[in-house]
Amino acid sequence: SEVKLYSNADYTISCAEDFDNSANSAMIALPMSAGTLTLGGGEGTLTIDGSGISSLMYLILSQSTLILQDNCTITNGNVTYTAIYVSAGTFTMTGGTITNIHSTKDASEGYGAGIHVSGSSTVVTVSGGSVCNNYNDGTNQGASIYNSVGNVTVLGQSVASGSQFTQNIVSGSVSNAILISSWDELVSNIDLLEDEAVTTEFIITDNLVATSKIETLVPVKITSSKAITITRDENFKELFFDTYASLEVVGAENAIITFDGNNIVAENSIIKINANLSLTYCNLQNNSNGASLGGGGAIYISESTTSTFLKNCSIINNKAYSGGGIYYGNNGYNNYIENCTFENNSVTATSGTGAGVMLYSGNLYINSISMNSNYLADNETSADLYLYNAKQPEVVLDDVVSIQSLWFYFSSIFPILKVGSNLSGDVKVVLKPSSSSYSVNQLITLDSETVLSNTQVGCFSEIKDASNNYYTLLASGVINKN
C-alpha cells in the first residue's frame, strides 16, 4: 500500500504527553510488509513535533519505504534512539528538514540523532533537504547521520551548523565524517566549520575538479574508500588547500588519493601548510608553481608548521622556483618521510635549489625513500635533497633506496647526519660550505656513538664538495679527503 501525508496549510502533529516512550514505540512505525509512506509535498508545511517526549519518531522495517519531501519538518524529538531508524527497507530524502533531535541513549543504537542506518540491506538516499541542529549525548557518533553497514548515498545535501558534530555522516566506528561528491560540497562544508575544535573527516566518493582555494581554520581529515583523483581546473591557478590547522589525508594501498596539477602553470603549490601535515598513500603530481619566487611544486611548508609526516606517497613531475617537490620553510621542527618516491621534479630558476626537496631548516627523518631524476634548471645537475642551514638540521637516513644527490649548504652551522641501522641503497652527497676555510671534518657531524658497518659506509657511493674534491666516509664517522 501507499500512503501520502501532507498539508496544504501549515499544520503540526504533536506527540501527546502520555505517549508510551518505551524502546520500541514510535509516533509512526512502518510495518514489515511492503508499503510506502510519503511525507510532505503539500503547499503548506507539515510539522511532526515530538514535543520533547517521543522515542523513535519513525521505524522502518523490512520492505517498507519512507520518502521525505519538501514542506515537512521532523523536530523536537527527545529520543532514546534516533528520529528515523532504518533497520531495513528504503529511506529517500529529497527535501524537508530533520532538526532539533536529541538522542539520549549512550550506545550504538543511539548513534545518528537524525538518521540511523543499521541493516545491510537498507538503501538510504539523501539528495535534498536539511539535517541540522541535532545532538547526541555521551560518546554517541554522527549527530546527523550514522551508517553502520547500510548503503548510503548523499548528494548535495545541506546540513547546517549547530549539531554537536556539524554535518556528519558516520560510517561504522569512524566518527565525524561527511560524504563529498564535488569540490563545491567540500568548499561549502569546510566553510561551516569555523568554530569546530575537533577534527572533521570528509570522505571523498568521486573524482573532483578543484576550482577554488579552500582555506581551513580547523582540523580537517580527508579519506576515501576507493582510488580518487582531485584535478586542477584549467582556469584555476591558486592553492588547493591553504591550511591554518592540521590537515590529514589518508588513502590506502588500494585507495590512493591523487592531487593532480593538470600540467597547468599555476601560481601556487597544491598544498600550503601552516600547521601539522600528515599524508598517507597520496600522489601529488603534475603541478607547476609558476610564481617568480615560488617554493614547493607540490607542497609548501611554512615557517609556522610544527611537524610533517609523509608515508607511502609519490611526489612526481612537479616544478617550482625552489623545492620542485616540497619546500620546507624555516620551521625548525621534525619532518618525516617514509617509503616515498620523488621522481621527475625540477626547479625552474638557475638559482633554484632542491629539485626534489628543499629543507630551509628543521630536522628530516628519512626511511625507505627513492629520489631519482630530480633536476635543477640546467637539466643536468641532480639535487634531490638540498639542506640550508638557517638552523642546524639533523638528517637521519635509514633504509634508503636511492638518493642521487644530497646537498648540504651551510655557512657557520654544520648539519648533523645520522645513519639508521637499516641503511641500504645509494646515497651521493655534495658538501657545499659558503667558505673554503672550513675543514672537511666539520662539514658533517655523525652521532658520536655511531660506528658504521662496511655495508652502511658503502651506501655513500660518492661524497664531494662544490670544487669536485672527493671524500671517503669511514666507519668511525670521519670523512677523509681522497
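Across Ile315 and Asn345, no two heavy atoms sit closer than the pair O-ND2, 2.9 Å. Closest non-hydrogen pair, Lys226 versus Asp206, comes out as NZ-OD1, 3.8 Å. The heavy-atom pair separating Ser246 from Ala275 by the smallest distance is N-CB, 3.7 Å. Listed here is the closest heavy atom pair of Ser224 and Ala255: O-CB, 3.8 Å. Nearest heavy atoms, Lys237 versus Ala266: O-CB, 3.5 Å. For the pair Ala320 and Gly295, the tightest heavy-atom approach, listed with the atom from each and the gap, is CB-C, 4.3 Å.
Checked against ring-ring contact (aromatic ring centres under 6.0 Å, His included), Phe259 has no partners two or more places apart in sequence or in another chain. Legend: residues meeting side chain to side chain donor-acceptor pair (under 3.5 Å) with Ser314, ordered by chain and number and at least two apart, are absent. In terms of the side chain to side chain donor-acceptor pair (under 3.5 Å) criterion, Thr216 has no residue partners (sequence neighbours excluded). Residues meeting the side chain to side chain donor-acceptor pair (under 3.5 Å) test with Ser322, sequence neighbours left out: Thr353. By the side chain to side chain donor-acceptor pair (under 3.5 Å) test, Asn286 is found to be paired with Asp260, Asn317, residues two or more places apart in sequence or in another chain being considered.
At most 12 heavy atoms of other shown residues, nucleotides or ligands fall within 6.0 angstrom of atom NZ in Lys311.
Atom CD1 of residue Ile316 and atom CG of residue Leu284 lie 10.0 Å apart, to the nearest 0.5 angstrom. With rounding to the nearest 0.5 Å, the separation of CD1 in Ile203 from OG in Ser181 is 12.5 Å. The CD1 atom of Ile256 lies 9.0 Å from the SG atom of Cys282; values are rounded to the nearest 0.5 Å. The distance from the CD1 atom of Ile366 to the CG atom of Asp399 is 12.0 Å, given to the nearest 0.5 Å. From Asp398, atom CG reaches atom CD of Glu338 across 9.5 Å, with rounding to the nearest 0.5 Å. With values rounded to the nearest 0.5 angstrom, Glu253 atom CD is found 4.5 Å from Tyr281 atom OH.
Asn318 places no side-chain N or O within 3.5 Å of a backbone atom of Asn289 that could act as its donor or acceptor partner. Put simply, the side chain of Thr243 gets close to the backbone of Lys272: a donor and an acceptor are under 3.5 Å apart. Of the possible polar contacts, one joining the Ser182 side chain to the Glu185 backbone as a donor-acceptor pair under 3.5 Å is found. At least one donor-acceptor pair closer than 3.5 Å links the side chain of Thr205 to the backbone N or O of Ile180. Not a single donor-acceptor pair under 3.5 Å links the side chain of Thr211 to the backbone N or O of Asp184. Using modelled atom types, no side-chain atom of Thr125 and backbone atom of Thr92 make a donor-acceptor pair closer than 3.5 Å. Distance alone, capped at 3.5 Å, places no donor-acceptor pair between the Asn312 side chain and the Thr280 backbone. Between the side chain of Ser307 and the main chain of Asn335, no donor-acceptor pair closer than 3.5 Å is present. Between the Asn262 side chain and the Ile264 main chain, no donor and acceptor come within less than 3.5 Å of each other.
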Leu385 and Leu364: CA distance, side-chain angles, deciding distance, side-chain contact (heavy atoms from CB on, under 4.5 Å) verdict: CA-CA 10 Å; Leu385 177 58; Leu364 188 61; 3.6 Å; yes

Would Thr308 and Ile299 satisfy side-chain contact (heavy atoms from CB on, under 4.5 Å), going step by step from the backbone distance to the final call? CA-CA 11 Å; Thr308 64; Ile299 304 173; over 6 Å; no

I would like to know whether Asn268 and Asp242 meet side-chain contact (heavy atoms from CB on, under 4.5 Å); could you show each step before the answer? CA-CA 10 Å; Asn268 286 283; Asp242 191 3; over 6 Å; no

Walk me through whether Ile228 and Leu208 qualify under side-chain contact (heavy atoms from CB on, under 4.5 Å). CA-CA 8 Å; Ile228 60 102; Leu208 308 182; 5.7 Å; no

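Between Leu186 and Ile214, some side-chain heavy-atom pair lies under the 4.5 Å cut-off. In this structure, the side chains of Asp384 and Glu343 stay at 4.5 Å or more apart for every pair of heavy atoms. Under the 4.5 Å side-chain criterion, counting only non-hydrogen atoms from C-beta, Met93 is not in contact with Ile84. The shortest side-chain heavy-atom distance between Asn207 and Thr231 does not fall under the 4.5 Å cut-off. Counting heavy atoms from C-beta on, the side chains of Asn276 and Phe309 never come closer than 4.5 Å. Side chains of Thr75 and Thr97 form no contact here, defined as non-hydrogen atoms less than 4.5 Å apart.
Legend: ring pair (Phe, Tyr, Trp, His ring centres under 6.0 Å) pairs involving residues 336-356, not counting sequence neighbours, sorted by first then second residue: Tyr336-Tyr365.
Between Phe241 and Trp183, a ring centre-to-centre spacing shorter than 6.0 Å is recorded.
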